[in-house]
J.: 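Have a look at the structure that comes next, please.
Keep in mind that what you see is a predicted model, and the values were worked out from it rather than measured.
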2 protein chains.
Amino acid sequence: MLARGRGVTVWRQIAETIEAEIAGGGLTPGTRLPTEAALTERFGVNRHTVRQAIKSLVDKGLVRVTQGSGTYVEAKPLSYPIGRRTRFSEIVVGQARDPAGKLLGFREMGASVEIAEALDLSPEDPVVMVESAHFADGVPISWAVTAFPLPRFAEVPQVYGATGSITAALAACGVPDYRRATTRIGASVADAVDAKRLEIAEGRPVLVIDSVNVDPEGVPIQWARSHFCADRVRLTVGG
Amino acid sequence: MLARGRGVTVWRQIAETIEAEIAGGGLTPGTRLPTEAALTERFGVNRHTVRQAIKSLVDKGLVRVTQGSGTYVEAKPLSYPIGRRTRFSEIVVGQARDPAGKLLGFREMGASVEIAEALDLSPEDPVVMVESAHFADGVPISWAVTAFPLPRFAEVPQVYGATGSITAALAACGVPDYRRATTRIGASVADAVDAKRLEIAEGRPVLVIDSVNVDPEGVPIQWARSHFCADRVRLTVGG
DNA sequence: CCCTATTTGTGCGTATGTATC
DNA sequence: AGATACATACGCACAAATAGG
């Protein structure tokens, strides 16, 4: 089964074999891989070699390992369209998964320079900052810190806390509809906060998205910095 | 200058001080920060504290550390619009920087399942795979592996190698214009290949973009997987 | 709550082939 | 050609986390 000494390393062949089994549906998302000991025996190699193969699959985001428990197949990433009408819950529902939003906390404060610029305010103008986390089928997809101008959106934290929906919270403040004005996408590696909120290891990749939403009149109503678990999401543009 | 024992750690205050100096223009991109010893003296703290502050700036992509040389301020990230007409060189020139493309290598092979699907081919249909790297002002921005159907685009590697321009290479094959059909954005952490080609450390964040371009008739002509150094680029959508 | 078996994480040491200077 | 560094692959031992009784 393994071709030794032919230019392709053993650990890479093992990784490709397992990857093919995942792609082929032999290993479905959430199932546990055979233990390292079992794979060691199956392929007739050293445990380190198996571990290197698994590490490469972790780096590709295909599996996740938990010490003491095992190695598990990751779910297919959520396809997340970025457009003028971007709504988390609609996107999740559209892929037959169950969305949820959770209020982590909020506080009122003066706008930073960056936020003031995005929302067309002056620095130190009052805003309410909301921190929230977002889930699909109970799995963390992203967390975000969001700024809303005051006093217009003073009710947002309360309504968001009750409904878990930004759309509902904005509607309660007299904004029946809104659209995405700007989106900036970067990436970073998970720090301790990301790791805890997204339930991933520190060092895993995170997509950082700064966005501004505006009301139907084009007035900026919301600035957000979202942190997406890159292993669980693919952003799509157009197409 | 430093407020000790007030809930904000010392290293965080140092990091914010340096960050403000960068944002305020006191430290311009490319300049070297004072040595760790100098910062230690300036802030009256232990060298470990300074190092922790610098590490946090590295994690935010604001500075880059080279052992034996020093700590340098990173350039402001390139703003990279994703749209129907996405051209690397036009984007770079539009920001008063100097673009360059370099052919890393190419080979002809049968299309993988993924590429065949994207280009509307059958698996194993012949394609030419081109690896290239892209620079702004001599700094690596991205590298990519690109697939073109054969025999229509057999000349692409030769023309691209001579001109460093995909647009020119496609024009030589009778495609005067093209547009972006689909874009999928993910993120990963730099592996050894990324680190070498982008001149970054392993573990730094990388934006991975799968894209398909089509000719004016809507026929897919190019599939690409680009790896962008996330510290040096911000993708923008709309706005 | 403790204990234990299972499973992954980490470190040491060895040997070999390959790329690089 | 020689020296050096590096990645690969193997063997063994123990630490740490998990899960179940």
Side-chain angles (χ1 to χ4, degrees), chain A residues 1-22 26-75 135 137-140 189-206 229-232, chain B residues 55 59 65-69 102-107 109 129 131-133 140 143 145 188-206 227:
Chain A
M1 180 152 199
L2 295 179
R4 302 183 97 109
R6 297 247 194 99
V8 182
T9 58
V10 173
W11 65 264
R12 206 174 283 274
Q13 295 176 58
I14 294 172
E16 282 170 8
T17 302
I18 297 174
E19 187 175 344
E21 285 170 1
I22 294 173
L27 292 165
T28 55
T31 60
R32 203 177 73 177
L33 286 189
T35 66
E36 293 176 357
L39 292 171
T40 294
E41 189 165 348
R42 170 180 166 193
F43 291 105
V45 298
N46 188 276
R47 189 173 150 228
H48 286 301
T49 310
V50 167
R51 284 178 60 77
Q52 187 156 16
I54 290 174
K55 183 179 181 305
S56 76
L57 296 176
V58 171
D59 289 341
K60 291 181 76 169
L62 288 170
V63 303
R64 152 184 46 90
V65 304
T66 308
Q67 185 177 153
S69 176
T71 305
Y72 300 85
V73 179
E74 288 272 21
F135 306 81
D137 288 344
V139 178
V189 294
D191 61 17
V193 176
D194 293 322
K196 184 165 185 180
R197 294 187 172 169
L198 297 176
E199 292 174 20
I200 56 178
E202 281 189 51
R204 295 265 73 211
V206 174
C229 171
D231 292 333
R232 310 209 255 255
Chain B
K55 181 180 180 306
D59 289 341
V65 178
T66 309
Q67 189 176 119
S69 172
K102 185 180 159 196
L103 179 67
L104 298 173
F106 66 96
R107 64 184 189 285
M109 56 179 286
M129 308 288 292
E131 298 206 7
S132 56
W143 71 273
V145 45
S188 68
V189 293
D191 61 16
V193 175
D194 294 321
K196 183 164 187 182
R197 295 186 172 169
L198 298 176
E199 292 173 22
I200 56 179
E202 281 189 50
R204 296 266 72 210
V206 175
H227 299 244

J.: What pair of heavy atoms forms the shortest contact from A/Val73 to A/Val63, and how long is it?
T.: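 Heavy atoms only, the tightest pair is CA-CG1, 4.3 Å.
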J.: Has A/Glu41 got more than 12 heavy atoms of other residues, nucleotides or ligands less than 6.0 Å from its CD?
T.: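 For A/Glu41, atom CD is not crowded (no more than 12 foreign heavy atoms under 6.0 Å).
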J.: Should A/Thr17 and A/Ile14 count as side-chain neighbours, where that means a heavy-atom distance under 4.5 Å?
T.: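 With C-beta onward as the side chain, the pair stays apart.
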J.: What is the separation between atom CD1 on A/Ile54 and atom P on C/dT10, rounded to the nearest whole Å?
T.: 14 Å
J.: Is any NZ, NE, NH1 or NH2 atom of the basic residue among A/Arg204 and A/Glu74 found under 4.0 Å from an Asp or Glu carboxylate oxygen of the other?
T.: no
J.: I need a per-nucleotide contact map over nucleotides 14-21 of chain C, read 5' to 3'. Cutoff is protein heavy atoms under 4.0 Å; write B for the base, S for backbone only, - otherwise.
T.: --------
J.: So, for A/Pro140 and A/Arg197, which heavy atoms are closest and what is the spacing to 0.1 Å?
T.: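 Taking A/Pro140 first and A/Arg197 second, the nearest heavy atoms are CB-O, 3.6 Å.
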J.: Among residues 30-43 of chain A, which residues get a heavy atom nearer than 4.0 Å to DNA chain C?
T.: A/Arg32, A/Thr35, A/Glu36
J.: Nearest 0.5 Å, what's the CG-CD distance between B/Asp194 and B/Glu199?
T.: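 If I round to the nearest 0.5 Å, the distance is 13.0 Å.
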J.: Is the shortest side-chain heavy-atom distance between A/Arg51 and A/Asn46 below 4.5 Å?
T.: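 In short, these two side chains do not touch, never coming nearer than 4.5 Å.
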J.: Among A/Ile18, A/Thr66, A/Val65, exactly one meets side chain to side chain contact (heavy atoms under 4.5 Å, CB included) together with A/Thr71. Which residue is that?
T.: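 One option only clears the test, and that one is A/Val65.
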J.: More than 12 heavy atoms of other residues, nucleotides or ligands under 6.0 Å from CZ of B/Phe106: yes or no?
T.: no
J.: Flag the pair B/Val193 / B/Trp143 as yes when at least one side-chain heavy-atom distance between them is below 4.5 Å, and no otherwise.
T.: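 The answer is yes, as the side chains (C-beta and beyond) meet within the 4.5 Å cut-off.
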J.: In B/S/- notation, 5' to 3', how is nucleotides 5-21 of chain D contacted by protein heavy atoms closer than 4.0 Å?
T.: ---SSBBBB--BBBS--
